[in-house]
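To start, the structure under review is shown below, and the notes come after it.
All ligand and atom numbering here is 1-based and tracks the order in the structure.
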Amino acid sequence: MKHQRSTAQWREMDAAHHLHPFTDTASLNEQGVRMITHADGIYLWDSEGNKILDGMAGLWCVNIGYGRKDLPEVAKRQMEELAYYNTFFKTSHPAVVELSHLLAEVAPKGFDHVFYTNSGSESVDTMIRMVRRYWDVKGKPQKKTLIGRWNGYHGSTIGGASLGGMSYMHEQGDLPIPGIVHVQQPWHYKYGKGMSADEFGKLAASWIEDKILEVGANKVAAFVGEPIQGAGGVIIPPASYWPEVQRICRKYDILLVADEVICGFGRTGHWFGQQQFGFTPDIFTTAKGLSSGYMPIGAVFVNNEVATTLAAGGDFNHGFTYSGHPVAAAVAHANVKALRDEGIVAAVQEDTGPYMQKRWREAFSRFEHVDDVRGVGLIQAFTLVKDKASQTLFDNWGEIGLMCRDIFFKHGLIMRACGDHIVSAPPLIISKDQIDELITTAVKCMEIFEQQLKERGLA
Ligand SMILES: Cc1ncc(COP(=O)(O)O)c(CNc2cccc(C(=O)O)c2)c1O
């Protein structure tokens with residue numbers, strides 16, 4: 001039974017009781033929340049009946065689209081059959097076994113084992129503990145340090161936030177924890193001026209080697225990176241970067257970890273971002289597209305050598321009450337099966353992905369204050385710049401991005417501002433006509449944005 005309340009009533013109750021993530025509560029409560037009440041396909045509706053095109057698939061996660069009838073059915077049946085049991089103490093249940101089997105089928109070769117969590121952050125924290133345990137079992141317990149990247153995002157747990165390179169998160173809570181260091185991100189536009197993509201990719205990878213030598217290879221456990229940095233603004237490394245990173249990790253006997261929470265399950269047109277960039281990690285973390293956000297679940301994939309090593313160490317003293325939760329596992333299974341059997345991932349690679357990338361570049365490259373128009377599959381972005389010719393960014397990084405994002409919002413289109421990067425990652429089921437709709441609305445908003453820049457003397 002749905003509560004029939006007015007938007008004003010919901011707003012008042014939300015302000016009275018609900019603490020939101022990554023939010024300035026006081027300022028939010030001044031304006032009041034936007035109540036999203038239902039969704040279908042790529043669209044959301046708010047409590048005022050406004051239809052919104054969700055260019056962000058929720059938070060990069062609703063890969064299969066909203067309003068599926070099969071997933072709720074699967075959840076209902078599973079909940080009636082076995083709503084919960086744990087996978088501790090030598091027990092398992094059919095839903096998590098079936099999911100594990102399916103994941104081994106869609107994973108790149110050599111990844112036959114998964115550990116379950118409830119989120120991307122928990123997957124990252126699980127990975128941190130696994131990596132350190134791995135080197136304990138290998139008899140190299142001093143190999144504890146993990147290398148991440150500035151402006152990388154790996155979640156909000158103490159481990160994930162430490163491994164991430166968002167300094168505004170580190171400032172809250174004395175992060176990073178010991179044993180986590182960072183190198184600069186492979187952002188060609190900003191750090192590779194005048195260099196070819198190939199040269200810059202190799203330079204950016206060399207920063208990892210420098211850090212390994214600075215820390216001491218005998219102390220470094222792993223390098224961790226998102227194939228494409230998502231929340232950092234869709235930073236797409238040059239093609240030369242990841243193969244070089246892999247070479248360096250192998251050279252110094254360091255585990256290579258891919259954080260596939262955003263890139264995983266079809267976002268780039270491949271099942272996993274590592275396949276887009278031609279590298280093979282030892283471990284990779286997932287969540288989001290695993291269930292398309294219909295249920296909270298994450299999974300850490302380990303290669304067979306890591307699995308064998310961890311097994312040789314006896315008890316791995318880690319796990320969660322809901323690791324492999326039956327309802328989450330059943331829904332994730334149905335979701336992944338549909339992504340595969342309905343050809344949704346294949347369509348991103350062969351059809352809608354190339355179409356989006358063509359239209360995105362045609363539409364935005366012509367704007368005076370837009371540069372570095374980029375994307376692959378159904379993850380794309382551009383950067384708002386003060387002066388294109390000199391590649392000068394705006395002052396007060398992020399302010400202009402929010403101004404631009406608010407114009408999209410006002411026109412019924414959700415895009416994400418990551419600093420002054422404007423990014424989009426729609427549900428993977430978006431059609432070509434709907435891509436045209438997204439682009440047409442966004443172009444209209446960008447014309448308003450550039451007009452406002454002039455009127456405010458900002459450009
Ligand atoms: C690469 C990566 N790794 C880990 C996480 C953490 O996942 P959980 O949130 O499920 O714990 C993420 C999450 N990414 C994420 C989460 C929330 C907001 C935004 C944004 O872009 O505003 C991005 C992520 O993008």
Side-chain angles (χ1 to χ4, degrees), residues 20-24 28 54-63 115-128 146 148-166 168-169 175-176 180 182 185-186 222-237 242 257-265 267-268 272-274 276-277 281 283-301 320 322-323 325 328 332 378-381 398 401-402 405 408-409 414-426:
H20 291 249
F22 281 88
T23 294
D24 175 338
L28 173 67
D54 184 4
M56 278 306 294
L59 282 174
W60 323 74
C61 56
V62 190
N63 291 18
F115 189 102
Y116 292 101
T117 70
N118 303 289
S119 67
S121 301
E122 284 189 5
S123 291
V124 169
D125 276 41
T126 296
M127 174 275 297
I128 293 171
L146 290 98
R149 295 169 309 172
W150 292 118
N151 201 37
Y153 187 77
H154 300 291
S156 271
T157 42
I158 286 179
S162 294
L163 192 57
M166 306 288 186
Y168 61 87
M169 293 176 77
L175 303 180
I180 291 183
H182 300 84
Q185 59 183 319
F223 170 74
V224 185
E226 307 153 76
I228 294 173
Q229 288 159 256
V234 184
I235 306 296
I236 303 174
W242 277 113
V257 178
D259 186 343
E260 295 264 12
V261 169
I262 284 182
C263 288
F265 297 100
R267 180 56 57 195
T268 67
F272 298 97
Q274 58 197 264
Q276 169 68 28
F277 294 100
I283 298 172
F284 62 94
T285 49
T286 70
K288 293 188 191 281
L290 172 55
S291 65
S292 289
Y294 280 66
M295 285 294 287
I297 185 170
V300 181
F301 291 70
F320 307 99
Y322 301 137
S323 285
H325 188 284
L378 287 175
I379 181 169
Q380 48 279 337
L402 288 178
R405 184 223 36 203
F408 291 127
F409 221 58
I414 293 183
M415 306 263 269
R416 179 93 170 67
C418 302
D420 287 345
H421 304 295
I422 295 297
V423 312
S424 165

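Annotation: Phe301 is not in aromatic contact with Phe115 [ring centroid separation under 6.0 Å not met].
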- Task: Could you check Lys288 against Ile262 for side chain to side chain contact (heavy atoms under 4.5 Å, CB included), going step by step and ending with a plain yes or no?
- Result: CA-CA 7 Å; Lys288 293 188 191 281; Ile262 284 182; 3.9 Å; yes

For a distance cut-off of 3.5 Å, show me each N or O of ligand 1 paired with any protein N or O, plus the separation.
{"from": "ligand 1", "atom 1": "3 (N)", "to": "Asp259", "atom 2": "OD1", "distance (Å)": "3.3"}
{"from": "ligand 1", "atom 1": "3 (N)", "to": "Asp259", "atom 2": "OD2", "distance (Å)": "2.7"}
{"from": "ligand 1", "atom 1": "7 (O)", "to": "Gly120", "atom 2": "N", "distance (Å)": "3.4"}
{"from": "ligand 1", "atom 1": "7 (O)", "to": "Ser121", "atom 2": "N", "distance (Å)": "3.4"}
{"from": "ligand 1", "atom 1": "10 (O)", "to": "Gly120", "atom 2": "N", "distance (Å)": "3.0"}
{"from": "ligand 1", "atom 1": "11 (O)", "to": "Ser121", "atom 2": "N", "distance (Å)": "2.8"}
{"from": "ligand 1", "atom 1": "11 (O)", "to": "Ser121", "atom 2": "OG", "distance (Å)": "2.5"}
{"from": "ligand 1", "atom 1": "14 (N)", "to": "Lys288", "atom 2": "NZ", "distance (Å)": "3.2"}
{"from": "ligand 1", "atom 1": "21 (O)", "to": "Trp60", "atom 2": "NE1", "distance (Å)": "2.8"}
{"from": "ligand 1", "atom 1": "21 (O)", "to": "Arg416", "atom 2": "NE", "distance (Å)": "3.0"}
{"from": "ligand 1", "atom 1": "21 (O)", "to": "Arg416", "atom 2": "NH2", "distance (Å)": "3.3"}
{"from": "ligand 1", "atom 1": "22 (O)", "to": "Arg416", "atom 2": "NE", "distance (Å)": "2.7"}
{"from": "ligand 1", "atom 1": "22 (O)", "to": "Arg416", "atom 2": "NH2", "distance (Å)": "2.7"}

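Judged purely by distance below 3.5 Å, without hydrogens or angles, the side chains of Thr286 and Glu260 never pair a donor atom with an acceptor atom. No donor-acceptor contact under 3.5 angstrom links the side chains of Ser121 and Ser156, judged on distance only.
Once rounded to the nearest 0.5 Å, the distance linking NE2 of His325 with CZ of Phe320 reads 14.5 Å.
In terms of heavy-atom proximity, Ala231 sits nearest to Glu226 at N-OE1, 4.3 Å.
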